Amino acid sequence: MDSYPQLDPDDGEVLDREVVVTDDVLVKAFALGPGAELTPHEHADSTNVFHVLEGTVTVIRGDEESVIEAPGVVQHDRGVVHGARNDTDERAVFTASLCPMPGSG
């Protein structure tokens, strides 16, 4: 039942794996190596929720940034530009859940 992937990124590297894909939700796991950044982007038709599982993530939302330590949860409303960066010397891991699934409705 547990589909939590083992991701071990190098410095500056972003690794991701799809964890759950259904008709109405997508959950991806992201591992950010030290200095890595998930480029800010938006989802016009989906709410996006980050669950910080390990380490510390600098969450970018629009013009704002906030440091979120595990465990932490951050919601991004539809159409809001968001991203994530690892400003630490340790790996950071979080999931991103999209609902509804992009393109599903």
Side-chain angles (χ1 to χ4, degrees):
M1 282 202 234
D2 185 3
S3 58
Y4 186 75
Q6 294 298 320
L7 301 172
D8 190 20
D10 292 329
D11 289 2
E13 184 177 32
V14 176
L15 297 178
D16 67 89
R17 297 286 185 278
E18 292 181 345
V19 178
V20 176
V21 181
T22 71
D23 290 341
D24 53 348
V25 69
L26 169 66
V27 179
K28 288 180 81 172
F30 290 88
L32 306 179
E37 180 174 2
L38 177 63
T39 304
H41 59 284
E42 58 91 22
H43 306 280
D45 299 322
S46 301
T47 298
N48 184 286
V49 180
F50 288 174
H51 293 87
V52 180
L53 303 173
E54 182 181 325
T56 302
V57 176
T58 299
V59 174
I60 304 158
R61 185 175 3 182
D63 295 331
E64 299 178 51
E65 294 186 0
S66 186
V67 175
I68 308 296
E69 294 183 12
V73 177
V74 179
Q75 176 183 333
H76 306 287
D77 292 326
R78 295 174 186 201
V80 173
V81 174
H82 58 278
R85 186 176 64 242
N86 181 357
D87 293 326
T88 75
D89 294 330
E90 302 294 326
R91 173 179 73 167
V93 178
F94 66 97
T95 60
S97 302
L98 290 176
C99 188
M101 175 74 156
S104 68

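Values below: every heavy atom of this structure, side chains too, minus hydrogens, waters and symmetry copies. It should be emphasised that the depicted structure is a prediction, and the values quoted were computed from it without experimental measurement.
- Residue Pro100 comes nearest to Arg78 through the heavy atom pair CD-NH2, 3.1 Å, listed as atom of the first residue, atom of the second, then distance.
- Using a 30° and 60° split on the angle between ring planes, Phe30 and Phe94 fall in the parallel class, below 30°.
- A pairwise comparison of heavy atoms in Gly12 and Ala36 identifies C-CB, 3.6 Å as the closest pair.
- Judged as a side-chain hydrogen bond (donor to acceptor under 3.5 Å, both in side chains), the pairs with a partner in residues 60-73 (not counting sequence neighbours) are, in order, Glu65-Arg85.
- For His51, there are no ring pair (Phe, Tyr, Trp, His ring centres under 6.0 Å) partners at least two apart in sequence or on another chain.
- Using modelled atom types, no side-chain atom of Glu37 and backbone atom of Thr39 make a donor-acceptor pair closer than 3.5 Å.
- In plain terms, the two heavy atoms of Val80 and Glu42 that are nearest each other are O-CB, 3.7 Å.
- Of the residues Thr58, Leu32, Val67, the one that meets the side chain to side chain contact (heavy atoms under 4.5 Å, CB included) test with Asp87 is Thr58.
- One hydrophobic cluster, built from ILVMFWY side chains closer than 4.5 Å, cannot hold both Leu38 and Leu98; they sit in different ones.
- To the nearest 0.5 Å, the span separating CG on Asp11 from CG on Asp89 amounts to 8.0 Å.
- Note on Phe50: it does not cluster hydrophobically with Leu7, by side-chain heavy-atom contacts below 4.5 Å among ILVMFWY residues.
- In the hydrophobic clustering of ILVMFWY residues, with side-chain heavy atoms under 4.5 Å counting as a link, Val74 and Val52 come out together.
- A distance of 3.5 Å separates NE2 in His82 from CG in Asn48, rounded to the nearest 0.5 Å.
- To the nearest 0.5 angstrom, Tyr4 atom OH is 5.0 Å from Leu53 atom CG.
- Taking NE2 of His41 as the reference point, atom CD1 of Ile60 lies at 10.5 Å (rounded to 0.5 Å).
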_Between Cys99 and Thr47, does the side chain to side chain contact (heavy atoms under 4.5 Å, CB included) criterion hold? Intermediate values first, please._
CA-CA 5 Å; Cys99 188; Thr47 298; 5.5 Å; no

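- Under the 4.5 Å side-chain heavy-atom criterion for Ile, Leu, Val, Met, Phe, Trp and Tyr, Val57 and Val73 are members of distinct hydrophobic clusters.
- Remark: Glu54 pairs with Arg91 by the salt bridge (charged side-chain N to carboxylate O under 4.0 Å, His left out) rule, at least two apart or across chains.
- Counting only distance, with no hydrogens or angles, the side chain of Asn86 and the backbone of Gly33 share a donor-acceptor pair below 3.5 Å.
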